Asks: 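Structure incoming, see below.
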Amino acid sequence: MRKHFRIYSKEDNIQTWFALLTLALVVSVGKIIYKDTGDTPFETPSLIVDKENGINNNRNTVYQNGVFSAEGDYLSPGGSEKIIVSLTLTNDVVTDAQVTPLAELPTSKAYQNDFIQHYKQFVIGQNIDTLELDKISGSSLTPKGFNDALKKIKEESRI
Amino acid sequence: MQVVTNYKFEFEAIGTHWVIDILDNTHTCSKLSKDELLRSINALIDEFDKNFSRFRQDSLITQISKREGLYMMPAYAEPLFTTYKQLYDLTQGLFTPLIGNVLVDAGYDAKYSFVPNKLTTPLKWNDTLEYNHPELLVKQKVVLDFGAGGKGFLVDLVAEHLIKSGFETFIVDAGGDISYKSLENIDLKIGLENPKDPDQVIGIAYVKNASICSSAGNRRKWHDFHHIINPKTLSSPEEILCAWTISDTTFIADSIATCLFFVQPDIIEKEYDFEYLILYSDFSIKKSPGFQAELFYA
């Protein structure tokens, strides 16, 4: 699903713009569901079809699951620019967000990249035994000497 | 005649666990037998350790900590000093081999006493050292520590030795600092260890003919410190959990991974090519666009 949103914004309001775009995107997704359930109030939808694989999702989610992208146009002091935002919705939670820069002017490119650099994304751990890895990269295992010494000191300092 | 070499060496050295995988499928025989190869690798590592370890009584570093004077550095050490000086200048002294005294005062000394004493700002490079290869003039005795980039430097020495010995496809892994050379364009899938849980990874990096290193404070910890200490604040950075870097050499990747605990990446990007991923204490991340990885987003 792609929709075009025309938003006028200065380069340095790109964060405001992103928030507006996300809001517009989420609202428009919501609008589609409202249409499907015939203008019923927020609280009552009981069965929402999962957009991803057609499984009936018994949860009372407001929004459909799936990946939704929108290309936003905005007006910068240098002219018209574009950016793509993709959100993954799972059980009413945004589980992934990707921003793709489409700026053409060097200044716009710099601002879009700066935004992408600073937009926070969070990670979590996954168990190693569920994955096929060739190697692991992490801090060096402590040498036996380091650990032994630390252990001794902890014991000695006990009352 | 096709020669297939498939060696795996595993051993402890310089306080960490090494795994060397050699997989060659070529028409040329290596000059060395498997045993000779392992012996030569261990000899190379020991030679480096004897010079640059501050934990050995017989090392050059220990001599330098006791007496000023003119010292001869081994021939291979020139890039170690010149790059350390470049990074020292670029980070305005935050990345420094003169951090040794601070580590010792904090308790991370050769005896692992772990008793923190009062810390003082480390000496400035130009006040203390003058390097004109192969001579190192030590103007006042100082504890030098090459822990930030030394392991990566040594991994590169081992990799060069393997290439000189006739091998072209191999992985040298020294406790998670990895050099990967391959004739084929095959990615190595490298798990990015979760510093809060070593049974987990926060993503998978895809590395092809490059080196990847990580720097983290989670393992070597005592009192309020871990082994990365900021020379200006005299404390260990808390807001960064781990930094991974990918570069052409393990030495550069290793050194820059430590630099990223002290400065923003763009400061180092002025002079060096590398990709990075930084994991913050709130589990948010910052990465360069070219850091090829599948991350497990929350």
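If you're wondering where the values come from, they're calculated on a predicted model, not measured in any experiment. Below, chains carry the letters A, B, ... as their sequence lines are ordered, and counting in each starts from 1. These numbers come from the heavy atoms of this one structure, side chains and all, not from hydrogens, waters or symmetry mates.
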Asks: Among B/N194, B/L192, B/I285, which residue satisfies the side chain to side chain contact (heavy atoms under 4.5 Å, CB included) criterion with A/V123?
Replies: B/I285
Asks: Does any backbone or side-chain atom of B/L279 lie under 4.5 Å from a heavy atom of chain A? Answer side chain, backbone, both or neither.
Replies: side chain
Asks: Considering all heavy atoms of both residues, which atom of B/K189 and which atom of A/E132 are nearest to each other, and what is their separation?
Replies: CE-O, 3.2 Å
Asks: Please flag which part of B/I178 lies under 4.5 Å from any non-hydrogen atom of chain A: side chain, backbone, both or neither.
Replies: side chain
Asks: Less than 4.5 Å to any heavy atom of chain A: does that hold for the side chain of B/D282, its backbone, both, or neither?
Replies: both
Asks: Just to verify, what does B/D109 make a side-chain contact (heavy atoms from CB on, under 4.5 Å) with, not counting sequence neighbours?
Replies: B/V104, B/K111, B/S113
Asks: Would you give the length of the straight line joining atom CD of B/Q200 to atom CG of A/L131, rounded to the nearest 0.5 angstrom?
Replies: 10.0 Å
Asks: Is the number of heavy atoms from other residues, nucleotides or ligands within 6.0 Å of CG (B/N230) greater than 12?
Replies: yes
Asks: Chain A contacts: which residues in residues 201-210 of chain B have a non-hydrogen atom closer than 4.5 Å to it?
Replies: B/V201, B/I202, B/I204
Asks: According to side-chain hydrogen bond (donor to acceptor under 3.5 Å, both in side chains), who are the partners of B/K270, at least two apart in sequence or on a separate chain?
Replies: none
Asks: Between B/D199 and A/N127 (side chain of the first, backbone of the second, donor and acceptor by atom type, cut-off under 3.5 Å), is there such a pair?
Replies: no
Asks: Taking side chain as C-beta onward, heavy atoms only, is B/F283 less than 4.5 Å from A/I124?
Replies: no
Asks: Do you know which of B/A257, B/S284, B/C213 has the most heavy-atom pairs under 4.5 Å to chain A?
Replies: B/S284
Asks: Kindly check if the number of other-residue, nucleotide or ligand heavy atoms within 6.0 Å of CD (A/E104) is above 12?
Replies: no
Asks: By ring pair (Phe, Tyr, Trp, His ring centres under 6.0 Å), which residues pair with B/Y7, not counting sequence neighbours?
Replies: B/F9
Asks: Rounded at 0.5 Å granularity, tell me how far OG in A/S137 sits from CD1 in B/I212.
Replies: 4.5 Å
Asks: Is the shortest side-chain N to carboxylate O distance from A/K135 to B/D173 below 4.0 Å?
Replies: yes
